[in-house]
2 protein chains.
Amino acid sequence: MAPLAAGNESPAYSEIDPKVEAMVHELIGRVADKWTLLVLEELEEGGTLRFTELSRKIPAVSQKMLTQTLRQMERDGLVHRTVHPVVPPKVEYCLTELGHGLSESFCGVWRWVEGNLEAVEAARKEFDARPSG
Amino acid sequence: MAPLAAGNESPAYSEIDPKVEAMVHELIGRVADKWTLLVLEELEEGGTLRFTELSRKIPAVSQKMLTQTLRQMERDGLVHRTVHPVVPPKVEYCLTELGHGLSESFCGVWRWVEGNLEAVEAARKEFDARPSG
DNA sequence: CTGAATCCAGTGCGATACTG
DNA sequence: CAGTATCGCACTGGATTCAG
């Protein structure tokens with residue numbers, strides 16, 4: 001833990017850019033979104049996928065949310081959208097370098113969870129078993 | 001990108017434990033939560049803080065959400081809660097090892113955002129400027 | 001000071017129906 | 001196939017009030 005300057009009552013994070021703060025927050029929020037995370041994974045694994053393919057691989061997602069999720073990811077430069085001018089329509093999605101990088105940066109979290117899953121579950125179980133006070 | 005087995009139409013993630021999947025998801029979701037992220041940071045930086053101190057460092061949080069957030073983090077074993085049996089009541093919060101570890105595992109994401117903040121903003125700007133189709 | 005309980009407005013999301 | 005548009009509910013979270 002970072003030592004605190006003695007007697008320092010000034011606000012925290014003097015060194016943290018509020019813009020970065022907001023962005024981190026937003027980005028984490030984005031990936032935290034159930035669907036975004038799943039889409040990120042599917043595209044990471046599947047490479048290039050069509051709308052329907054994604055839909056099929058993530059059965060729980062509604063068509064509305066899938067569209068919405070993909071749009072937002074596209075806007076953020078995380079996925080690339082390719083429309084093939086044919087009938088029937090064919091639209092393919094794949095991760096951009098940005099999206100791939102973001103995906104990788106979450107590997108640490110992923111590994112942490114794998115390593116600490118049991119600890120968290122134990123903590124929950126213990127907490128829930130406590131005398132209600 | 002992981003190569004796909006040729007002709008393999010079986011569902012994705014054969015290697016991914018659905019339990020881990022759910023947990024990653026849940027944990028990311030938790031930290032994505034505005035207040036949890038802020039609390040995590042404050043405790044990481046401040047060490048041990050009282051309820052009111054946290055409240056003061058995160059002015060935007062309502063008392064309800066702060067309580068709720070801390071309870072959940074406590075249940076997950078991320079923070080430790082110490083009640084001092086005095087009047088007026090004094091309750092202190094600090095990160096557990098688990099909480100500290102989780103916090104660290106997010107450093108990668110943090111760094112990625114710092115490094116790619118401009119790229120994302122540029123992507124958004126470009127997306128928003130596109131011919132509306 | 002710390003926290004639980006209640007009320008209420010905003011909205012995220014699913015279901016459904018329609019279009020190119 | 002790949003969307004958009006609309007409706008309605010459920011849940012979230014803020015404000016407020018009460019309590020130990």
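Chain letters run A, B, ... following the sequence lines, proteins first and then strands; every chain starts at 1.
Residues from residues 67-78 of chain B lying near DNA chain C, meaning a heavy-atom separation below 4.0 Å, are Thr67(B), Arg71(B) in numerical order.
For Lys34(B) and dG13(D), the NZ to C1' distance is 11 Å, given to the nearest whole Å. Taking atom CG of residue Asp33(A) and atom C1' of nucleotide dG14(C), one finds them 14 Å apart after rounding to whole Å. For the pair Lys90(B) NZ and dG3(C) C1', the computed distance is 18 Å after rounding to whole Å. To the nearest angstrom, P of dT4(D) lies 9 Å from CZ of Phe51(A). Counting to the nearest Å, the P atom of dG13(D) and the CG atom of Leu38(B) are 13 Å from each other.
With sequence neighbours excluded, the residues satisfying side-chain hydrogen bond (donor to acceptor under 3.5 Å, both in side chains) with Arg75(A) are Asp128(B). With sequence neighbours excluded, the residues satisfying side-chain hydrogen bond (donor to acceptor under 3.5 Å, both in side chains) with Glu104(A) are His100(A). Applying the side-chain hydrogen bond (donor to acceptor under 3.5 Å, both in side chains) test to Thr96(B) and every residue at least two apart in sequence or in another chain returns nothing. Listed by chain and residue number, nothing satisfies the side-chain hydrogen bond (donor to acceptor under 3.5 Å, both in side chains) test with Glu97(B) (two or more places apart in sequence, or in another chain).
Dashed line: the shortest gap from a side-chain N or O of Arg56(A) to OP1 or OP2 of dC1(D) is not under 4.0 Å. Checking the phosphate oxygens (OP1, OP2) of dA2(D), a side-chain nitrogen or oxygen of Arg50(A) falls inside 4.0 Å. An OP1 or OP2 oxygen of dC1(C) is reached within less than 4.0 angstrom by no side-chain nitrogen or oxygen of Tyr93(B).
Among His84(B), Arg50(B), Arg81(B), the one residue that satisfies the side-chain hydrogen bond (donor to acceptor under 3.5 Å, both in side chains) test with Glu92(B) is His84(B).
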Summarise protein proximity over nucleotides 14-20 of chain D in one line of letters, 5' to 3': B for base, S for sugar-phosphate only, - for none, counting protein heavy atoms closer than 4.0 Å.
BBB---B
Distance-only donor-acceptor pairs under 3.5 Å for side chains of residues 62-73 of chain A, two or more places apart:
residue  : atom : partner  : partner atom : Å
Ser62(A) : OG   : Met65(A) : N            : 3.2
Thr67(A) : OG1  : Gln63(A) : O            : 3.0
Thr69(A) : OG1  : Met65(A) : O            : 2.6

Report all side-chain donor-acceptor pairs from residues 24-38 of chain A shorter than 3.5 Å, counting only partners two or more places apart or in another chain.
residue  : atom : partner   : partner atom : Å
His25(A) : NE2  : Lys34(B)  : N            : 3.4
Glu26(A) : OE2  : Arg124(B) : NH1          : 3.0
Glu26(A) : OE2  : Arg124(B) : NH2          : 2.7
Arg30(A) : NH1  : Asp76(A)  : OD1          : 3.2
Arg30(A) : NH1  : Asp76(A)  : OD2          : 2.0
Asp33(A) : OD2  : Trp35(A)  : N            : 3.4
Asp33(A) : OD2  : Thr36(A)  : N            : 3.1
Asp33(A) : OD2  : Thr36(A)  : OG1          : 3.0
Thr36(A) : OG1  : Arg30(A)  : O            : 3.2

Below 3.5 Å, can you tabulate the donor-acceptor pairs from side chains in residues 111-118 of chain A to any protein atom, sequence neighbours excluded?
residue   : atom : partner   : partner atom : Å
Trp112(A) : NE1  : Asn116(A) : OD1          : 3.4
Glu114(A) : OE2  : Trp110(A) : NE1          : 3.3

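Note on Glu121(B) versus Lys125(B): no salt bridge recorded, every NZ/NE/NH1/NH2 to OD/OE distance being 4.0 Å or above.
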